[in-house]
Each structure stands twice: as structure tokens, then as C-alpha cells.
Chemist: 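Pasting a structure below so you can have a look.
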Amino acid sequence: MLRVRFAPSPTGFLHIGSARTFIFNWLYARRHGGQVILRIDDTDVERNTEESLASIFEGLKWLELAWDEQYRQSERLERHRQMAQVIFDKGLAYRDFSPAHGDADERPYGEGPWLFHPDMRAMSREESDRRAAAGEPFVLRFCVPRETRDKIVFTDLVYGEQCKATADIEDFALLRSNGMPTYHMASCADDVDLRITHIIRGQDHLTNTFKHVLIFEALGAPVPQFAHLPLLVAPDGSKLSKRRHGQVVSVTTYRDCGFLPQAYVNFLCLLGWSPKDNREYLTLDELIAAFSFEGVNRHNAVVNFTPENPIDPKALWLNTQHLRQMDVRDLARYVRPVLERAGLAAPSEDRFLQVLEVIRTRYQTLNDFVTRGRAYFAEDYEITPEASDKLNQPGARELLHELAARLEAAAEFTEHSVETELRNLAAERGVKAGLIINAARAILTGQTVGPSAFAVFTALGRERAIERLRRA
RNA sequence: GGCGCUAUCGUCUAAGGGUUAGGACGGAGCCCUCUCAAGGCUCAAAUACGGGUUCGAAUCCCGUUAGCGCUACCA
């Protein structure tokens, strides 16, 4: 059984880069009938918060991509320590009693990589046991087998064969001096226990993978497949950070801006991946069918935003595409709660769908339905100054009143019949149809821009349309 | 500093030895039209640099440059 995992650490909100990693994991699993495991990597007690955990769930929930199992690393600490002990018992790790080296600036760079403290690595087991028993704090380090192996090799599904000399891999920590497992230890231990077959994660872990291969082997476990993904970066190439780039890095920002989750998922997939057939608009099902690591490229992708315009224009364009191409009944499910939050009520289902069909092609976000589309759902819409100009054209109001009378008397009320009545009236009075059309749109919607005026009439319905004409 | 990864229009990308280097967003223009969108059409816009290999290189190799990542108890 193919099993993938998404392992966020709760140190902030759900980052768009993390969201994309989750999406790629999810797509790969669904593509191959596998399972998705959500694992909260919360071994860093200093930085993890419950608030951040909640916000990560909030982001994941919005994406509407369900996972199959869920774990929390902090609940498995004993297991991690056990597995570190197994490695130690096999003689593949040793205790390092050196005091913590605090300041990163003091690192002795210059002569090459730091590998280990020679006296610690060479310490006899007896002395090590004695000092540990005496309560002296230590870090448990993996003993990289530089004498017996000259390199570590694995094949990455995206980056191809990766090779690194053991002489360039330091004796990394497995357990901290406070007994807590490090990321490397906890992550690999869980990947083994949870029977993860494919590790799909950010490229920032590519060089860590050599260490992980060593751990899997030391544990006697099968080494999973790896697929590293290029990173999402800011326009200047730097990594996206909350401090420097603010809200653009949080997925909830896009939810709040009125994005459809499937549109945002579509957008994120196009950063670093391509179906290679020129398609840009893809539904979730199409994404599942098309996804493969062949289509993932190896260089970082820039999220295109500026301080003035924090939303990538392509993301917005994809949202408009989904808005107008998705099943209108699905769209209704997304618009309804947005209306409710704004204190507006959706009309009956048939009318609602009709309204959506009329206005969806010119809106970009869900929020537009309550701002630009307010007149379709409420009576207290504003008349813009431009709209007032149209109504103040000579004779315009009187013509609208006359039109109201004729529409009330007419046998039918369809786009076509309204158009006929309106054009007849214009012809009889010797005015341009546009005068009445634009004035009608102005009073009906409060705006000079929008759908065909005739479609507005039928979308509003006979009674409401006539009533508004009379109000002119 | 060491090690690893990467480099095609402004941005996202296609082309994995032979194409006028394709598509999309964004930009400019035209058509359509009751307005605004949508839609259709057109235009501008790229192979980081230098060497090789080859009849032929965006594509393979080397170097340079640049960016990113990892680098003594963050994930």
C-alpha cells in the first residue's frame, strides 16, 4: 500500500509552500490509490503553539483535501527514544558530552566541514556509560560510517540520483541533551512505524536525506522513495517569510480574499509542476489524473506579488476561470455562506442559480458577489455617481416608468420579451435604445457596468424589476 | 568556508540534439457590443556568460557567474 505523509510543524499558520507540498502528496496518493497521513511534527516544544496548530487545521480544512490518518509526534516521544536506543545498542551512535555550542558565528568554518568531536567519538563504552550514569548530559550522535563507506546514494524521483561523500556528512544528533529526539530521529522513526512508502517534501530537505537514509538503514527498515519539490520563493528569490512578506504566505489569506479552494489548488500546482500539454485550467479530478513527478521541475518558483498587489495575477485569473466553468450548483454552495456572512440571504434555488449564471462571468472572487453583486440579493444597494448620470439623462426616468407599466401589462416576461418592449418604446419615442437600456441597468443594479440589461431583468424577476423601475 | 541543488519571455512553464524556441498570466491593440466583463484575433517579450562534444546544442560535458538549500542539541 502506497502511503505518503504531510508533516507540518506548528510554528505559524499554514504556509502556501507547505500547502503545495500537502497538495502534491495528496495528488500522488490519490493518483495511485494510496493513503495520506497527516503528522504534526511538534518536537520543538520551544516554538510550537496550539494556536498555530489550530490555524494549520484551518488552512487544511479550507483546501478540502481529506487525509486518512492523523498523528502527533509529541505523543510518540517514548517510541522515538526507543528507536534511538536501538541505534545506540547496535553501536551506530555514541554519546557526546561536549557542552552545547551556542553561537553560530563561532563555528570554525574555513578548514572544511565539522564532522565530530574526536574524543567523544573515540570514547570507550565503559567511560561513556559511567559518565551517563553519573548524570552528565549528552547528545546522542549518529556515528557516520566513514571508514566503511565512502558515499551514500539514493534516487530522488524529481532530482534523480543523489550522491554524497560520507566524509562530508557530520555526526548529526539523534537525541538532544534534554532527551528530546531531533527532527531527523523523530521523523525517520515515525516514517518507519507509519510504513511511509514515499516521502514528498520541500527541496530544503534534499541534503538531509543522506542522513535519513543512514537512519533507516541503521533501523533495519526499508528506505522509502523520496521526491523533493522545488521551493516557492518571493520575487527577489528569497524564501517566503511571514515577517518580510506578511499575509501573502498564509493560505487563509486567499480564502479570505474570496478564492475557491479548487482554484487556489490549481494555481499552487502550476508552481513547479506542469501537465506538459499546455493546460492551465484543471479541475481536481484532472489534476489527480495528470499528476506525476515527471512534470515536477527542479528550480524554485517565484510567487508573483508586490506590496501593492499581494495576489498573484495568475491565481486571480484561475479563480475567474473556475468561477465561470464550475457547475453552477457547486458555485452556489460557495457563494451562499459568503452572502450569509455579509448579512444577505440567497433567493430560492432556481432564481439563485439564474442570478449566478448572469453575474459569474464578470466576477473574480467570491467576495465580488456581495460587493459588486449586492443589488441581486438586497434592496439597499448604492447608486454610483455614474449610474445617477444615466438616470438623469433627459426623459430617462419617465421612460423607465412607462417601461414598468408596459412590462406589467405584458403577457410574458423573458429576456426576449423585455428587449422587444424596450426597443419598441424607444422607437415610438424616437430615442436611442441605449438611453433606456443604460438607465435601466443603472436603477436595477446601481451600476453602469454589469451583465446585459435584459438578463438583469429576468434575473431579478418581474416584480422586483418593475418595482425598481418605478422607484427611478 | 565546505557540500548539494538550480539557471528558457517581467512571472508560471513547454520543447529531454534538428521547431520561425510553443502555451498561459500580465501589458499593448483590434473585433464583438446596450455598459462592463467574457470570448475571438494580433503585437511586444526569453534560452545567464564562456569554452568544448557534434554536420547540428536551450537540450550533452567542463568552467565562470548568480540564486537557493544544508552545514556542532530548528524543522
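Per chain, numbering begins at 1; letters A, B, ... match sequence-line order.
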Chemist: Give a yes/no on whether any side-chain N or O of Asn304(A) is located under 4.0 angstrom from OP1 or OP2 of rG26(B).
Modeler: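 No, because none of the side-chain N or O atoms of Asn304(A) sits under 4.0 Å from OP1 or OP2 of rG26(B).
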
Chemist: Just call it for Thr448(A): base, sugar-phosphate, or nothing, with non-hydrogen atoms closer than 4.0 Å on any strand.
Modeler: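 If one applies the 4.0 Å heavy-atom cut-off, Thr448(A) turns out to touch a base.
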
Chemist: Can you tell me how far apart CG (Asn25(A)) and OG1 (Thr21(A)) are? Round to the nearest 0.5 Å.
Modeler: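 Result: 7.0 Å between the selected atoms.
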
Chemist: Hey, does Ser9(A) reach any base, or is it just sugar-phosphate, or nothing, if we go heavy atoms under 4.0 Å?
Modeler: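 The residue Ser9(A) makes sugar-phosphate contact but no base contact.
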
Chemist: Taking only the C1' atom of each, what is the distance from rC12(B) to rG26(B) in whole angstrom?
Modeler: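 Between the two C1' atoms, the distance is 11 Å.
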
Chemist: Side-chain contact test, heavy atoms from C-beta onward, threshold under 4.5 Å: evaluate it for Phe210(A) versus Gln162(A) and give yes or no.
Modeler: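 The answer is yes, as the side chains (C-beta and beyond) meet within the 4.5 Å cut-off.
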
Chemist: Return the nearest nucleotide to the side chain of Asn208(A); candidates are rG26(B), rC34(B), rC70(B).
Modeler: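 When the side chain of Asn208(A) is considered, rC70(B) is the closest of rG26(B), rC34(B), rC70(B).
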
Chemist: If you only use heavy atoms from C-beta on, which nucleotide in rA75(B), rU35(B), rG2(B) is closest to the side chain of His205(A)?
Modeler: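 Among rA75(B), rU35(B), rG2(B), the one nearest the side chain of His205(A) is rA75(B).
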
Chemist: Checking all strands, does Lys390(A) fall into the base, sugar-phosphate, or nothing category for heavy-atom contacts under 4.0 angstrom?
Modeler: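 No contact.
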
Chemist: Return the nearest nucleotide to the side chain of Thr361(A); candidates are rC68(B), rA37(B), rA75(B).
Modeler: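 So the side chain of Thr361(A) is nearest to rA37(B).
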
Chemist: Give one of base, sugar-phosphate or nothing for Val139(A), where a contact means two heavy atoms less than 4.0 Å apart.
Modeler: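 Since a base atom lies under 4.0 Å of Val139(A), the category is base.
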
Chemist: Taking 4.0 angstrom as the limit, do Glu161(A) and Lys151(A) come out as a salt bridge?
Modeler: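 Lys151(A) and Glu161(A): not salt-bridged.
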
Chemist: Rounded to whole Å, how long is the line connecting atom CD of Gln203(A) with atom P of rA7(B)?
Modeler: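 It works out to 11 Å between those atoms.
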
Chemist: Students often get this wrong, so: under 4.0 angstrom with heavy atoms, is Gly237(A) touching a base, only sugar-phosphate, or nothing?
Modeler: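 Here Gly237(A) touches the backbone only, sparing every base.
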
Chemist: Rounded to the nearest Å, what distance is computed from the CZ atom of residue Phe172(A) to the P atom of nucleotide rA75(B)?
Modeler: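 Between P of rA75(B) and CZ of Phe172(A): 14 Å.
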
Chemist: Of the candidate nucleotides rU35(B), rA75(B), rG4(B), which contains the atom at the shortest distance from the side chain of Leu206(A)?
Modeler: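 Closest nucleotide to the Leu206(A) side chain: rG4(B).
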
Chemist: Which nucleotide, rA75(B), rC70(B), rC68(B), lies nearest any side-chain atom of Asn300(A)?
Modeler: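 Given the options rA75(B), rC70(B), rC68(B), the side chain of Asn300(A) is closest to rC68(B).
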
Chemist: For the pair made of CG in Leu229(A) and P in rU6(B), what is the distance, rounded to whole Å?
Modeler: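 Answer to the nearest Å: 14 Å.
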
Chemist: Tell me whether the side-chain N/O atoms of Arg298(A) come closer than 4.0 Å to OP1 or OP2 in rG69(B).
Modeler: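 No, no such contact exists.
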
Chemist: To the nearest angstrom, how far is Arg201(A) atom CZ from rC5(B) atom P?
Modeler: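 Taking atom P of rC5(B) as the reference, CZ of Arg201(A) is at 16 Å.
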
Chemist: For a quick check of understanding: with a heavy-atom distance under 4.0 Å over all strands, which category does Gly272(A) fall into, base, sugar-phosphate or nothing?
Modeler: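 Sugar-phosphate contact only - Gly272(A) comes under 4.0 Å of backbone atoms but never of a base.
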
Chemist: Regarding His228(A), tell me which of base, sugar-phosphate or nothing describes its non-hydrogen contacts under 4.0 Å with the strands shown.
Modeler: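 Answer is nothing: His228(A) stays at 4.0 Å or more from every strand.
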
Chemist: State whether the distance check finds a donor on one side and an acceptor on the other, under 3.5 Å, for side chain Gln162(A) versus base rG4(B).
Modeler: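 Counting by modelled atom types and ignoring angles, no donor-acceptor contact under 3.5 Å is found here.
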
Chemist: For Asp171(A) and rU71(B), what is the distance between atoms CG and P respectively, to the nearest whole Å?
Modeler: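 So the two atoms are 15 Å apart, to the nearest Å.
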
Chemist: So which of Asn367(A), Asp368(A), Leu366(A) actually passes side-chain contact (heavy atoms from CB on, under 4.5 Å) with Gln364(A)?
Modeler: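 Single side-chain contact (heavy atoms from CB on, under 4.5 Å) partner of Gln364(A) among Asn367(A), Asp368(A), Leu366(A): Asp368(A).
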
Chemist: Can you see which heavy atom on Lys390(A) is nearest to which on Ala439(A), and at what distance?
Modeler: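 So the two residues come closest at O-CB, 3.9 Å.
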
Chemist: To the nearest Å, how far apart are Asp168(A) CG and rG1(B) P?
Modeler: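 Going from Asp168(A) (CG) to rG1(B) (P), I get 16 Å.
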
Chemist: Taking CZ from Phe154(A) and C1' from rC3(B), how many angstroms apart are they, rounded to a whole number?
Modeler: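 Going from CZ in Phe154(A) over to C1' in rC3(B) covers 13 Å.
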
Chemist: Does a side-chain N-to-carboxylate-O contact under 4.0 Å join Asp312(A) and Lys314(A)?
Modeler: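 The answer is no: the pair does not qualify as a salt bridge.
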
Chemist: Does Arg441(A) have a side-chain nitrogen or oxygen under 4.0 Å from the phosphate oxygens OP1 or OP2 of rC36(B)?
Modeler: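 Negative; the distance criterion is not met.
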
Chemist: Between Asn438(A) and Val296(A), which has a closest nucleotide on RNA chain B that is more 5'?
Modeler: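 The 5'-side residue here is Val296(A).
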
Chemist: With both distances under 3.5 Å as the test, what is the Watson-Crick or G-U wobble partner of rC41(B)?
Modeler: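 rG29(B) is the nucleotide pairing with rC41(B).
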
Chemist: Who does rA58(B) pair with, Watson-Crick or G-U, both distances under 3.5 Å?
Modeler: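 Base partner found: none.
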
Chemist: Expressed in angstrom and rounded to an integer, what is the separation of Lys314(A) atom NZ from rG27(B) atom C1'?
Modeler: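 Rounding to the nearest Å, NZ of Lys314(A) and C1' of rG27(B) are 15 Å apart.
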
Chemist: Looking across every strand, which nucleic acid part, if any, lies under 4.0 Å from Ser452(A) by heavy atom: base, sugar-phosphate, or nothing?
Modeler: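 Since a base atom lies under 4.0 Å of Ser452(A), the category is base.
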
Chemist: Taking OP1 and OP2 of rA15(B), is either one under 4.0 Å from a side-chain nitrogen or oxygen of Lys276(A)?
Modeler: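 True: Lys276(A) side-chain N/O within range (under 4.0 Å) of rA15(B) OP1/OP2.
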
Chemist: What's the closest nucleotide to the side chain of Val449(A) if the choices are rC36(B), rC12(B), rC73(B)?
Modeler: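 Selected nucleotide (nearest to the side chain): rC36(B).
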
Chemist: Side chain of Thr207(A) only, please: which of rG69(B), rC5(B), rU71(B) is the nearest?
Modeler: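 Shortest atom-to-atom distance from the side chain points to rG69(B).
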
Chemist: State whether Asp193(A) and Arg39(A) are salt-bridged, where the test is any N-O pair (Lys NZ or Arg NE/NH1/NH2 against Asp/Glu carboxylate O) under 4.0 Å.
Modeler: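 No, this pair does not count.
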
Chemist: Given the side-chain rings of Phe293(A) and Tyr28(A), with only the six-membered ring counted for Trp, is the space between their centroids under 6.0 Å?
Modeler: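 Yes, they do, as the ring centres are separated by less than 6.0 Å.
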
Chemist: Are Arg397(A) and Asn392(A) close enough that some pair of their side-chain heavy atoms sits under 4.5 Å apart?
Modeler: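 Yes, side chains in contact.
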
Chemist: So, for Phe457(A) and Phe454(A), is the gap between ring centers shorter than 6.0 Å?
Modeler: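 Judged by ring-centre distance (under 6.0 Å), Phe457(A) and Phe454(A) do not meet the cut-off.
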
Chemist: Does the distance from a Lys or Arg side-chain N to an Asp or Glu carboxylate O, for Arg95(A) and Asp129(A), drop under 4.0 Å?
Modeler: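 Yes, Arg95(A) and Asp129(A) are salt-bridged.
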
Chemist: On a whole-Å scale, what distance lies between the C1' atoms belonging to rC62(B) and rG69(B)?
Modeler: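 Roughly 24 Å separates the two C1' atoms.
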
Chemist: In whole Å, what separates the P atom of rU8(B) from that of rC49(B)?
Modeler: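 One P to the other, the span is 11 Å.
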
Chemist: Pick out the pairs of N or O atoms, protein on one side and nucleotides 46-48 of chain B on the other, that lie under 3.5 Å.
Modeler:
none

Chemist: Below 4.0 angstrom, N of the basic side chain to O of the carboxylate: do Lys211(A) and Glu170(A) qualify?
Modeler: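 Salt bridge present between Lys211(A) and Glu170(A).
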
Chemist: Just to be sure I understand the rule, does Arg279(A) reach a base, reach only the sugar-phosphate, or reach nothing, if contact means heavy atoms closer than 4.0 Å?
Modeler: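 The answer is nothing, as Arg279(A) stays clear of every strand by at least 4.0 Å.
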
Chemist: Quick one: label Phe454(A) by what it contacts on the DNA or RNA (base, sugar-phosphate, nothing), any heavy atom closer than 4.0 Å.
Modeler: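 It contacts base atoms.
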
Chemist: Of all the choices, rG39(B), rA7(B), rC73(B), which nucleotide is nearest to the side chain of Gln321(A) once you look at every atom?
Modeler: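 It is rG39(B).
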
Chemist: Let's test this: given Watson-Crick or G-U wobble pairing with both distances under 3.5 Å, identify the partner of rU20(B).
Modeler: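 rU20(B) is unpaired by these criteria.
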
Chemist: Given the P atoms of rG16(B) and rA57(B), what is the spacing between them in whole Å?
Modeler: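 Per the computed distance, 16 Å lies between those P atoms.
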
Chemist: Counting only side-chain heavy atoms from C-beta out, which of rG69(B), rA24(B), rA7(B) sits nearest to Glu280(A)?
Modeler: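 The answer is rA24(B), which lies nearest to the side chain.
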
Chemist: Contact class for Asp277(A) (heavy atom, under 4.0 Å): base, sugar-phosphate, or nothing?
Modeler: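 Touches nothing.
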
Chemist: If you look at every strand shown and take non-hydrogen atoms under 4.0 Å, does Ala301(A) touch a base, only sugar-phosphate, or nothing?
Modeler: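 Counting heavy atoms under 4.0 Å across all strands, the contact made by Ala301(A) is with sugar-phosphate only.
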
Chemist: Looking at every strand, decide which applies to Pro451(A) at a 4.0 Å heavy-atom threshold: base, sugar-phosphate, or nothing.
Modeler: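 Base contact - Pro451(A) has a heavy atom under 4.0 Å of at least one base atom.
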
Chemist: Which whole number of Å gives the distance between the C1' atom of rA45(B) and that of rU20(B)?
Modeler: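 After rounding to an integer number of Å, I get 16 Å for this pair.
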
Chemist: Across all strands, who's sitting opposite rC5(B) as a Watson-Crick or G-U wobble pair, both distances under 3.5 Å?
Modeler: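 When the pairing criteria are applied, rG67(B) turns out to be the nucleotide that pairs with rC5(B).
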
Chemist: What integer number of Å spans the C1' atoms of rC61(B) and rU53(B)?
Modeler: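 Straight-line distance between the two C1' atoms is 7 Å.
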
Chemist: Among the candidates rU71(B), rU8(B), rC74(B), find the nucleotide nearest to the side-chain atoms of His299(A).
Modeler: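 Of all the options, the side chain of His299(A) is nearest to rU8(B).
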
